[in-house]
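Worth saying up front: this structure is predicted, and the values here are computed from it rather than measured.
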Amino acid sequence: MPDTPWRDTVGTGNPSVPTVFFLSDSTGITAETLGNTLLTQFPAQHLERRSIPFITTVEQAQEVVAVIDRVAAAGPRPIVFSTTVSLDVRAVLARSRGHFFDLIGTHLGQLEQALHASASGQPGQAHGLGDAVRYQSRMAAVEYAIEHDDGQSLRALERAELILIAPSRCGKTPTTMYLALQHGILAANFPLVEEDFESLSLPKPLLPFAHKCFGLTSLPVRLSQIRQERRPGSNYASLNQCSFELRNAEDMYRVNAIPFVNSASMSVEEISATVLQRMELHH
């Protein structure tokens, strides 16, 4: 764990607001994801969130415990989510004055029994280079998504596992990037523009790949709000234009049997999960 500013900044917020710590021997992504998933069940709670990654030694764990204890002494007892795998490190962290939730160790024993094998105890496997083939697959997918963002390139479209189509600002880019980075999906995205709405046919470059296409739509008011942030006062952002584009896009999807989803109230994770399920994609 590098000598970074977290030691000075952790716990310096509102002392009356509970602090949630996400502790990890790797990037902290898993601790944050699992911890925040649990916390969504308490939407009325205002919490300070602090992530401390790369806790790999007992000495580092002791430093983290000192920080947690300092926060506990100054205000409400902190909540601590940990995904560290080392028994020694976990034992030190569990001695903090926070409410300690061991998101990994709690289940490792049960899993060892189920698999009749011992856990490796190696940190950093979930978001490291442990599976080199899968990692390289994800990086290649990210490169593909960047090249094929917003219809910039039609090269090697036949390699695409998915082509997202939608009017501008419906969430194509973040969804393809997420699918690439998290799932290694070769995803392109293609914008529907004014001339596409003159016909209910798919844009010509996509005709051979209709079976790979998935559409996104939105609500006119929501799309107008998003576009106003980009081009305030323009026809592009007007409610009438947004309504026209979304109505015609949905007609296009239906005529061409393109599955689609309304992304207006969905997170990128929810959109991605829906796409994966309906297109039967998996890696």
Side-chain angles (χ1 to χ4, degrees), residues 1-42 45-115 117-136 138-139 142 178 181-182 269:
M1 184 172 59
D3 191 7
T4 53
W6 67 261
R7 289 183 177 84
D8 301 320
T9 59
V10 168
T12 58
N14 187 339
S16 66
V17 175
T19 299
V20 180
F21 288 91
F22 303 99
L23 311 182
S24 172
D25 49 25
S26 184
T27 62
I29 294 173
T30 302
E32 290 189 48
T33 299
L34 295 177
N36 279 317
T37 298
L38 293 170
L39 293 173
T40 59
Q41 298 302 306
F42 305 91
Q45 293 292 316
H46 180 50
L47 304 165
E48 290 278 344
R49 288 169 166 84
R50 297 288 186 268
S51 182
I52 304 180
F54 306 119
I55 309 168
T56 58
T57 69
V58 166
E59 291 74 23
Q60 291 168 343
Q62 289 169 340
E63 293 180 22
V64 172
V65 167
V67 172
I68 295 171
D69 289 352
R70 188 175 74 240
V71 173
R77 187 178 178 189
I79 296 168
V80 181
F81 292 111
S82 170
T83 55
T84 56
V85 299
S86 164
L87 285 171
D88 292 339
V89 170
R90 292 207 315 264
V92 172
L93 295 176
R95 292 200 292 267
S96 78
R97 292 174 59 189
H99 296 282
F100 187 76
F101 296 89
D102 186 353
L103 300 175
I104 295 294
T106 301
H107 306 289
L108 273 182
Q110 293 174 303
L111 195 53
E112 286 177 328
Q113 291 181 2
L115 296 175
S118 298
S120 69
Q122 294 297 312
Q125 298 300 298
H127 300 282
L129 294 173
D131 187 339
V133 173
R134 179 169 172 78
Y135 181 81
Q136 292 301 327
R138 291 192 295 121
M139 294 306 100
V142 169
Y178 182 88
L181 184 59
Q182 294 296 320
E269 294 88 352

Separation between [atom1] of [X] and [atom2] of [Y], rounded to the nearest 0.5 Å:
X    : Y    : atom1 : atom2 : result
T33  : L38  : OG1   : CG    : 11.0 Å
F54  : T27  : CZ    : OG1   : 6.0 Å
H46  : S16  : NE2   : OG    : 8.0 Å
E269 : Q182 : CD    : CD    : 8.0 Å
I68  : R77  : CD1   : CZ    : 11.0 Å
L47  : T19  : CG    : OG1   : 8.5 Å

Side chain proximity check, [X] to [Y], heavy atoms < 4.5 angstrom:
X    : Y    : answer
V92  : R95  : yes
I52  : F22  : no
I55  : V89  : yes
L115 : Q110 : no
L181 : M139 : yes
D102 : R90  : yes
F81  : N36  : no
L93  : V80  : no

Q45 (side chain) donor-acceptor with F42 (main chain) under 3.5 angstrom:
no
Is the backbone N or O of R97 less than 3.5 Å from a side-chain atom of D69, with the two atoms forming a donor-acceptor pair by type?
yes
So which atom in S26 and which in P53 form the shortest heavy-atom distance, rounded to 0.1 Å?
O-CB, 3.1 Å
Can you give me the closest heavy-atom contact between P78 and V71, atom names plus distance?
CG-CG1, 3.9 Å
Tell me which one of I29, L103, L39 satisfies side chain to side chain contact (heavy atoms under 4.5 Å, CB included) with L34.
L103
side-chain hydrogen bond (donor to acceptor under 3.5 Å, both in side chains) assessment of T84 paired with S82
CA-CA 6 Å; T84 56; S82 170; 3.0 Å; yes
Evaluate the criterion side-chain hydrogen bond (donor to acceptor under 3.5 Å, both in side chains) for residue pair E32 and S51; output intermediate values, then yes/no.
CA-CA 7 Å; E32 290 189 48; S51 182; 3.1 Å; yes
Trace of the side chain to side chain contact (heavy atoms under 4.5 Å, CB included) decision for Q62 with V58
CA-CA 6 Å; Q62 289 169 340; V58 166; 3.7 Å; yes
Intermediate values then yes/no, side chain to side chain contact (heavy atoms under 4.5 Å, CB included), F100 and I79
CA-CA 6 Å; F100 187 76; I79 296 168; over 6 Å; no
